[in-house]
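Shown next, in C-alpha cells, is the structure this report addresses.
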Amino acid sequence: MKEQREWNPYNMNPVLYPGQREFPWLYPYGNQMNYWNLWNVPEQMEDEMDTRRLRELYPLMARRLQPYVEEICTRMEYPGSMMYDEYPDQLSLRHKAREVWQAASDGEDFGDRAPTWEQFQDLIGVLLLQEMMRRRKRNRSHILR
C-alpha cells in the first residue's frame, strides 16, 4: 500500500514541523482518519456537524471552557474509565470539574476580574456531563457496529 504522501495531490511541502498538519483547513474538526470513520456512517457525521454548529452558539465563557473539558474527557477515554460507569460517582465528577477549572485558570488570562471556582462549578459540571454523554453515546454506537 502506498503511503499517504505518495498519492496526495495537494502535497507540495513534504517537510513538516512536529505537530503540524499538512492542510489544517481540510479537516477543521479533527484529523483525516476521523473523517473517514464518520463518512462511513452518514448519521454520525450529521450528529458531529450539529454538535459543532450548536457549540458555536454557546456563551463566551462556555466556549472558552469547552476545550479544557474536551481535554479532560479525552484523558478519561479508556476502557474501565469512570466515564463509562453505569452510575458515575458525584464526587469523581466534581473532582474532574475541578481539574478542568485548574487547567482553564492556568491556561486563560481572565484579566483583573478573574472568576472564582464557586462561580463556574455548575457550568463546568454541565459541560463535563454533556461531553461525557456525547462520548458514551459514540462509544455505544461504535460497539454495536
Side-chain angles (χ1 to χ4, degrees), residues 1 3-5 8 10-11 13-145:
M1 185 171 155
E3 288 186 0
Q4 180 182 1
R5 293 187 192 285
N8 186 351
Y10 300 105
N11 187 14
N13 186 9
V15 178
L16 296 175
Y17 302 107
Q20 179 185 7
R21 296 188 322 196
E22 285 189 63
F23 296 96
W25 59 87
L26 289 177
Y27 309 107
Y29 302 127
N31 60 16
Q32 187 175 7
M33 293 307 295
N34 185 28
Y35 275 82
W36 286 348
N37 293 337
L38 290 176
W39 281 335
N40 293 334
V41 185
E43 299 84 22
Q44 191 175 358
M45 180 69 166
E46 189 175 325
D47 288 346
E48 282 291 319
M49 297 298 279
D50 280 345
T51 301
R52 300 292 177 179
R53 274 188 235 113
L54 291 176
R55 281 187 180 164
E56 291 173 2
L57 300 175
Y58 279 180
L60 177 63
M61 188 54 72
R63 276 185 281 157
R64 287 177 77 175
L65 292 171
Q66 185 65 35
Y68 299 104
V69 170
E70 289 176 4
E71 178 186 339
I72 294 293
C73 286
T74 301
R75 281 195 254 151
M76 286 193 304
E77 208 166 10
Y78 58 87
S81 168
M82 63 145 309
M83 183 187 315
Y84 301 118
D85 288 348
E86 187 173 353
Y87 299 104
D89 179 24
Q90 183 76 16
L91 186 62
S92 299
L93 289 172
R94 181 67 53 110
H95 179 69
K96 291 297 177 186
R98 185 72 172 191
E99 284 183 33
V100 169
W101 176 248
Q102 289 296 327
S105 60
D106 292 343
E108 294 284 328
D109 180 24
F110 291 112
D112 298 337
R113 306 182 79 187
T116 62
W117 159 246
E118 290 77 22
Q119 292 172 322
F120 284 106
Q121 65 183 0
D122 292 337
L123 174 63
I124 294 172
V126 169
L127 289 173
L128 186 64
L129 287 171
Q130 182 182 15
E131 183 67 19
M132 286 175 57
M133 185 173 57
R134 189 178 74 83
R135 290 177 189 233
R136 286 168 65 131
K137 180 181 174 188
R138 186 178 64 195
N139 188 39
R140 260 187 250 120
S141 67
H142 183 356
I143 290 172
L144 295 177
R145 281 190 274 138

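- In this structure, the side chain of Gln119 engages the main chain of Thr116 through a donor-acceptor pair within 3.5 Å.
- Shown here is Arg94, whose CZ atom has no more than 12 heavy atoms of other residues, nucleotides or ligands within 6.0 Å.
- A distance of 8.5 Å separates CD in Glu131 from OG1 in Thr51, rounded to the nearest 0.5 Å.
- Here Glu71 pairs with Arg75 in a salt bridge; the nearest charged N to carboxylate O distance falls below 4.0 Å.
- Summarising the geometry, atom NE2 belonging to His95 is positioned 8.0 Å from atom OG belonging to Ser92; distances are rounded to the nearest 0.5 Å.
- Side-chain atoms of Lys96 and Pro88, non-hydrogen and from C-beta on, never get closer than 4.5 Å to each other.
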query: After noting the C-alpha distance and the side-chain angles of Glu108 and Leu65, does the key distance pass the side-chain contact (heavy atoms from CB on, under 4.5 Å) rule?
result: CA-CA 9 Å; Glu108 294 284 328; Leu65 292 171; over 6 Å; no
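- Side chains of Met83 and Asn139 form no contact here, defined as non-hydrogen atoms less than 4.5 Å apart.
- Residues Leu93 and Met82 form a side-chain contact, since some pair of their non-hydrogen atoms from C-beta on lies under 4.5 Å apart.
- A salt bridge between Arg134 and Glu48 is present, with a side-chain N of the basic residue lying under 4.0 Å from a carboxylate O of the acidic one.
- Counting heavy atoms from C-beta outward, Arg98 and Trp117 have side chains that approach closer than 4.5 Å.
- Judged by distance alone, with hydrogens and angles left aside, the side-chain atoms of Ser81 form no donor-acceptor pair with the main-chain N or O of Glu77 at under 3.5 Å.
- Between the CD1 atom of Ile124 and the CG atom of Leu129 there is a distance of 12.0 Å, given to the nearest 0.5 Å.
- At most 12 heavy atoms of other shown residues, nucleotides or ligands fall within 6.0 angstrom of atom CD in Gln90.
- A donor-acceptor distance shorter than 3.5 angstrom exists from the side chain of Arg136 to the backbone of Asp85, with no hydrogens or angles considered.
- Here OH of Tyr68 is found 12.5 Å from CD of Gln102. Values are rounded to the nearest 0.5 Å.
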